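Here the structure is laid out as structure tokens; the discussion comes afterwards.
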Amino acid sequence: MEFQNLTIENKERIQYIIINRESKLNALNKDTLAELHTAFTAAFNNPAVGGIIITGAGTKAFVAGADISEFAGLDVKEGRALALKGQINVFDLIANGKKPVIAAINGFALGGGLELAMACHIRVASETAKMGLPEVTLGLIPGYGGTQRLAQLIGKGKALEMILTADMITAVEAHQYGLVTHVFCPEDLLPKAEELLQKILLRAPLALAAAIHSVNAGFNDGTNGYETEIEEFGKCFGTRDFQEGVDAFLAKRKAEFKGE
Ligand code: COA
């Protein structure tokens, strides 16, 4: 698959999706969003891929936001359509993905960039990273799920302060807020993200998917997270991986899961 704005690299069962528009600080234009849709759909359906790390090309930015140059001239209907399409095709696609996705935040993660990181299941950051939702400086609000996911991740009060002031926070502050789970020096960011994902990939793949689905269910309007958990828990008993996990535990050996 050929991409103009992304680089894809495979390392054993980990797939890297690298946003590669360095001259524009990896800002998300329409083409990049379309490519992200294609790349994530392919990764989720590719049995050779166990999990994904998404990061930005270069050292300066993860993603400095949606491409502001594409906003000029949009009307109310087009603005709504932009948010709707982006949320469904990219941000919800990643959040609801059946494989773990880690955002390795290597620099600025602003606006749509922070929203992209927040759609991922886990976030780790370089100590040089800066994060924020500065849309109100443009007369806008976050449109790719930012008002919801930031409040879910760090609480309503801090989220409103960040969104209303448009201030950027440092990686250390993001760690204190619980927005990222680890902060590393720049050289360690990708090796440590890989280490974390490798550990996750030792676990049963169908159980990982069931866990992601169940945790997400509690944050979806109209779904009962506890009921989803009961259903998903039950389904796990029908998997070969469950048999393997229990057999391995009883035989005091390491489980080898096949995702079946
Ligand atoms: N959309 C489009 N282009 C962007 C962009 C964005 N969100 N963020 C950065 N760029 C472009 C700049 O226009 C510039 O392009 P040019 O060299 O063709 O002029 C290039 O990326 C480098 O950015 P620059 O602003 O010169 O870098 P800087 O180090 O001075 O500042 C930032 C870095 C991140 C503080 C600044 O680029 C910025 O504020 N970006 C917008 C952030 C934002 O509001 N995002 C939310 C969008 S909803």
Side-chain angles (χ1 to χ4, degrees), residues 3-7 17-37 54-95 103-120 123 125-154 158-174 177 179-180 183 186 189:
F3 293 110
Q4 302 304 312
N5 304 289
L6 304 179
T7 306
I17 297 182
I18 303 160
I19 300 171
N20 198 354
R21 282 188 88 211
E22 213 180 324
S23 66
K24 296 289 176 191
L25 302 187
N26 305 322
L28 298 175
N29 62 357
K30 259 193 225 137
D31 290 347
T32 308
L33 287 167
E35 290 185 4
L36 281 171
H37 173 77
I54 182 166
T55 193
T59 52
K60 195 166 167 185
F62 172 73
V63 167
D67 192 316
I68 298 167
S69 66
E70 289 184 347
F71 287 168
L74 295 188
D75 63 20
V76 170
K77 207 170 144 200
E78 290 163 333
R80 182 184 184 279
L82 184 78
L84 179 66
K85 190 172 171 202
Q87 287 199 16
I88 293 172
N89 287 350
V90 179
F91 297 80
D92 292 352
L93 174 76
I94 295 171
I105 305 173
N106 55 310
F108 288 114
L110 302 175
L114 181 56
E115 290 174 301
L116 183 63
M118 291 194 294
C120 298
R123 282 151 298 286
S126 153
E127 58 200 13
T128 57
K130 292 255 172 69
M131 285 158 253
L133 292 178
E135 284 85 348
V136 294
T137 64
L138 301 167
L140 294 172
I141 65 165
Y144 291 141
T147 61
Q148 304 306 296
R149 291 198 177 99
L150 188 63
Q152 288 164 6
L153 286 164
I154 70 172
K158 287 200 196 83
L160 273 169
E161 182 173 323
M162 277 182 70
I163 293 168
L164 299 182
T165 60
D167 279 349
M168 289 186 211
I169 57 170
T170 63
V172 169
E173 287 169 316
Y177 286 9
L179 184 53
V180 303
V183 178
L189 178 67

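Whatever order the structure lists ligands and atoms in, that order sets their numbers, starting from 1. Remember, it's a predicted structure, so these values are computed and weren't measured experimentally. This chain uses plain numbering: 1 for the first residue, then up along the sequence.
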- Query: How long is the gap from CZ on Phe3 to CD1 on Ile17, to the nearest 0.5 Å?
  - Reply: 7.5 Å
- Out of curiosity, Asn89 CG to Ile94 CD1, how far, rounded to the nearest 0.5 Å? 11.0 Å
To check your reading of the model: name the closest protein heavy atom to [atom], its residue, and the distance in Å.
{"atom": "atom 5 (C) of ligand 1", "result": "Ala27 CB, 4.0 Å"}
{"atom": "atom 34 (C) of ligand 1", "result": "Leu110 CD1, 3.6 Å"}
{"atom": "atom 33 (C) of ligand 1", "result": "Leu25 CD1, 3.6 Å"}

- Message: For Ala61, which part has a heavy atom under 4.0 Å from ligand 1: side chain, backbone, both, or neither?
- Response: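 It is neither; nothing of Ala61 touches ligand 1.
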Heavy atoms of the protein only: does one fall short of 4.0 Å from [atom]?
{"atom": "atom 12 (C) of ligand 1", "answer": "no"}
{"atom": "atom 36 (C) of ligand 1", "answer": "no"}
{"atom": "atom 18 (O) of ligand 1", "answer": "yes"}
{"atom": "atom 30 (O) of ligand 1", "answer": "no"}
{"atom": "atom 8 (N) of ligand 1", "answer": "yes"}
{"atom": "atom 15 (O) of ligand 1", "answer": "yes"}
{"atom": "atom 26 (O) of ligand 1", "answer": "no"}

- Item | side chain to side chain contact (heavy atoms under 4.5 Å, CB included) assessment of Leu110 paired with Leu25 | CA-CA 10 Å; Leu110 302 175; Leu25 302 187; over 6 Å; no
Give yes if a backbone or side-chain nitrogen or oxygen of [X] is under 3.5 Å from a nitrogen or oxygen of ligand 1, and no if not.
{"X": "Ala66", "value": "yes"}
{"X": "Ile68", "value": "yes"}
{"X": "Glu135", "value": "no"}

If only atom types and distance count, is the side chain of [X] paired as donor or acceptor with the main-chain N or O of [Y] below 3.5 Å?
{"X": "Asn29", "Y": "Asp67", "value": "no"}
{"X": "Glu115", "Y": "Phe91", "value": "no"}
{"X": "Asn106", "Y": "Thr59", "value": "no"}
{"X": "Asn5", "Y": "Arg21", "value": "no"}

- Item | Residue Gln152 excluded, over 12 heavy atoms near CD under 6.0 Å | yes
- Please say whether more than 12 non-hydrogen atoms of neighbouring residues, nucleotides or ligands are located less than 6.0 Å from CD in Gln4. no
- Query: Going through the checks in order, is the side chain to side chain contact (heavy atoms under 4.5 Å, CB included) test met by Leu133 and Ile141?
  - Reply: CA-CA 8 Å; Leu133 292 178; Ile141 65 165; over 6 Å; no
- Query: Between the candidates Gly113, Ala64, Ser69, Ser23, which shows the shortest non-hydrogen contact distance to atom 45 (N) of ligand 1?
  - Reply: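 It is Ala64 whose heavy atom sits nearest to atom 45 (N) of ligand 1.
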- Per atom 3 (N) of ligand 1, closest listed option by heavy atom (Met168, Lys24, Glu70, Arg21): Lys24
- Interfacing atoms of ligand 1 (cut-off 4.0 Å, heavy-atom, Pro134):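 Near Pro134, meaning under 4.0 Å from one of its heavy atoms, ligand 1 has 43 (C), 44 (O), 45 (N), 46 (C).
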- Task: Any atoms of ligand 1 less than 4.0 Å from a non-hydrogen atom of Asp67? List them with their elements.
- Result: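 Every atom of ligand 1 under 4.0 Å from some heavy atom of Asp67: 1 (N), 2 (C).
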- Query: Without hydrogens or angle criteria, can the side chains of Glu173 and Thr170 be said to hold a donor-acceptor pair below 3.5 Å?
  - Reply: yes
- Does ligand 1 have an atom under 4.0 Å from some heavy atom of Lys60?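 True for this residue.
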- Message: With a 4.0 Å cut-off on N to O distance, would you call Asp92 and Arg149 a salt bridge?
- Response: yes
